[in-house]
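Numbers restart at 1 for each chain; the letters A, B, ... are given by sequence-line order, proteins then strands. These numbers come from a predicted model, not from an experiment.
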2 protein chains.
Amino acid sequence: MTGKERADAARNRRAILDAADRLFAESADPHTVSMNDIAAAAGVGKGTLFRRFGDRTGLIRQVYAARLAPLRDRIENGPPPLGPSGTPRERIVAIIDAIAAIKLENAHLMIALEEGGTPAHRLHESADYVAVHELLTDLVTASGGGVHAGWVAHVLLAAVRADLLQHMASVEKRSPAEIRANLQAFTTHTLSLRLPDDT
Amino acid sequence: MTGKERADAARNRRAILDAADRLFAESADPHTVSMNDIAAAAGVGKGTLFRRFGDRTGLIRQVYAARLAPLRDRIENGPPPLGPSGTPRERIVAIIDAIAAIKLENAHLMIALEEGGTPAHRLHESADYVAVHELLTDLVTASGGGVHAGWVAHVLLAAVRADLLQHMASVEKRSPAEIRANLQAFTTHTLSLRLPDDT
DNA sequence: TGGCTAAACGGACCACTGGTCCGTATAGTG
DNA sequence: CACTATACGGACCAGTGGTCCGTTTAGCCA
């Protein structure tokens, strides 16, 4: 992807990504983290930051991708139940659980990433959402879901939205264990849902 | 609530509310509607707008409340299945369906309202969300839900988030009828969910 | 009807934001 | 070592949410 990248450019890119990750994780409200702040924390000029990532949304997407890369790898190449050799049903449950786990661990950051940049950053059209939604749709179909597999996948993902999980954990003081246990039961249960017009 | 309000003040309040409602409904991305725009469209000065509503979030909340008032009234005083004389189960289904219907009809506006103002406008802590969540929690409990009724209520509401519904309708071209039918089946099905540690 | 005052008005103003631009510096190559 | 493509950084810009205060006016009382 980056056949040639000057050494200083590479160094700065990592510095910016690290700084952004840290600042978003520290602040409760993503909107209070400005591009200036990130540039300053990374020790680079603002121009550098924008040249590298285009705009705020671009930066956020990259941070997001970096954070989610390990999970994605475990899903695509890892061992069961997450990896491809598991049964569809157990993979679905494991994936939802893993998403919940990662979001509970990085609540602030994940909220920043879901809310995205200022512009029309439609969550449901972001590459990450689309990718996981497609995978889940396939798995739901494979596990015997009907023609509405895509709909079911949306609902499963709606239950693990970062702000909802954060609210359950921080405001309602539910333990991550409880949340994830409920989620598992919910996921399993929802897989037995039969929607209208299913053949 | 407004024991005394000067006539001009009342007139301006309505003008602002109407203008904001219209502008949010017209624009796809709520962030493109500025407070200046609203003030100009309402024919008032910006100072008036801020004095009346405090800040952007305050204005948005009021628009939201105005839009949802009829639904709230039907839930609190209307006939079954929405009203209080229905059974808990049928009320839950009817409420989720009514929320979906209203959000599908006013997609842009509802997204603006859920996303809220620039600051930390936590959806799950807004008065409107809390109110409907509490009501649903009570109904789930009354319908035989276990100790996790509040959790179930969250999940039901997650399935009717405005941006998700809008995505299903506009991007995936699902008809409102299909979405609502799926939602009804999902709601009914989820009410039979049994979570861990339920007595 | 004509004051009089508290309430409301409106737009200039402020700090700050995301984003652009271009003169300057430097990494890497032959 | 020189030369050039690449990258740097911060001054700069338009526009934002929000504040402030001098001016206007609604509503009351005589």
Side-chain angles (χ1 to χ4, degrees), chain A residues 1-20 23-24 27-64 112-113 115-122, chain B residues 1-20 23-24 27-64 112-113 115-122:
Chain A
M1 187 163 286
T2 57
K4 302 179 180 188
E5 185 178 35
R6 251 170 62 168
D8 51 349
R11 207 178 330 128
N12 282 337
R13 202 191 57 238
R14 290 199 43 166
I16 292 168
L17 249 15
D18 288 352
L23 290 181
F24 279 127
S27 93
D29 180 0
H31 286 289
T32 64
V33 178
S34 75
M35 298 300 268
N36 278 347
D37 294 341
I38 296 171
V44 305
K46 195 158 51 145
T48 299
L49 190 154
F50 278 95
R51 188 164 359 84
R52 193 74 65 218
F53 300 100
D55 60 9
R56 182 174 235 262
T57 301
L59 205 211
I60 289 179
R61 262 200 280 265
Q62 298 277 342
V63 179
Y64 197 97
L113 303 182
E115 291 188 356
T118 311
H121 161 85
R122 305 262 152 259
Chain B
M1 187 165 288
T2 56
K4 299 177 177 187
E5 184 178 36
R6 252 169 61 167
D8 51 350
R11 208 179 329 126
N12 283 337
R13 203 191 54 240
R14 291 203 41 167
I16 293 168
L17 250 15
D18 288 352
L23 289 181
F24 279 126
S27 92
D29 180 1
H31 287 288
T32 65
V33 178
S34 75
M35 298 300 268
N36 278 347
D37 294 342
I38 297 171
V44 305
K46 197 161 43 151
T48 300
L49 191 155
F50 278 94
R51 190 165 356 86
R52 191 76 65 221
F53 300 100
D55 59 10
R56 182 174 235 261
T57 302
L59 205 212
I60 289 179
R61 262 201 280 266
Q62 299 276 342
V63 179
Y64 197 96
L113 304 181
E115 291 188 354
T118 311
H121 160 84
R122 306 261 153 257

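A straight line from CG of A:Asp29 to P of C:dT17 spans 13 Å, rounded to a whole angstrom. Per the geometry, CZ belonging to A:Arg56 stands 20 Å off P belonging to D:dG15, to the nearest Å. For the pair A:Arg13 CZ and D:dA7 C1', the interatomic distance rounds to 13 Å; values are reported in whole Å. Rounded to an integer number of Å, the gap from CG of B:Asp8 to C1' of D:dC28 is 15 Å. Going from atom CG of A:Leu49 over to atom P of C:dG18 covers 10 Å, rounded to whole Å. For the pair B:Ile38 CD1 and C:dG10 P, the computed distance is 16 Å after rounding to whole Å. Across the protein-nucleic acid pair, A:Glu5 atom CD and D:dA7 atom C1' stand 10 Å apart, rounded to whole Å. In this structure, A:Met35 atom CE and D:dG9 atom C1' are separated by 15 Å, rounded to whole Å.
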Trace of the side-chain contact (heavy atoms from CB on, under 4.5 Å) decision for A:Phe53 with A:Ile60: CA-CA 9 Å; A:Phe53 300 100; A:Ile60 289 179; over 6 Å; no

The test is side-chain contact (heavy atoms from CB on, under 4.5 Å); show your working for A:Asp8 and A:Arg11 and say whether it passes. CA-CA 5 Å; A:Asp8 51 349; A:Arg11 207 178 330 128; 3.7 Å; yes

From CA spacing to verdict: side-chain contact (heavy atoms from CB on, under 4.5 Å), B:Leu17, B:Arg14: CA-CA 5 Å; B:Leu17 250 15; B:Arg14 291 203 41 167; 5.6 Å; no

For the pair B:Arg52 and B:Val44, evaluate side-chain contact (heavy atoms from CB on, under 4.5 Å) and give the outcome as yes or no after the intermediate values. CA-CA 11 Å; B:Arg52 191 76 65 221; B:Val44 305; over 6 Å; no

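Of the candidates C:dG11, C:dG10, D:dA11, the closest approach to any side-chain atom of A:Lys46 belongs to D:dA11. Considering only side-chain atoms of A:Arg52, the nucleotide from D:dG17, D:dG9, D:dC8 that sits closest is D:dC8.
B:Thr48 has a side-chain polar atom (N or O) that falls below the 4.0 Å cut-off from OP1 or OP2 of C:dG10. One finds a side-chain N or O of B:Asn12 lying less than 4.0 angstrom from the OP1 or OP2 phosphate oxygen of C:dC9.
Toward the 5' end of DNA chain D, the nearer of the two residues A:Ala9 and B:Val33, judged by each one's closest nucleotide, is A:Ala9. For the pair B:Ser34 and A:Gly45, both in contact range of DNA chain D, the more 5′-proximal nearest nucleotide belongs to A:Gly45. Position along DNA chain C of the nearest nucleotide to A:Arg51 versus A:Thr32 favours A:Thr32 as the more 5'-ward residue.
Expressed to the nearest 0.5 Å, how far CZ of A:Arg13 lies from CG of A:Leu49 amounts to 13.0 Å.
Residue-to-nucleotide contacts include no donor-acceptor pair under 3.5 Å from the side chain of B:Arg6 to the base of C:dA8.
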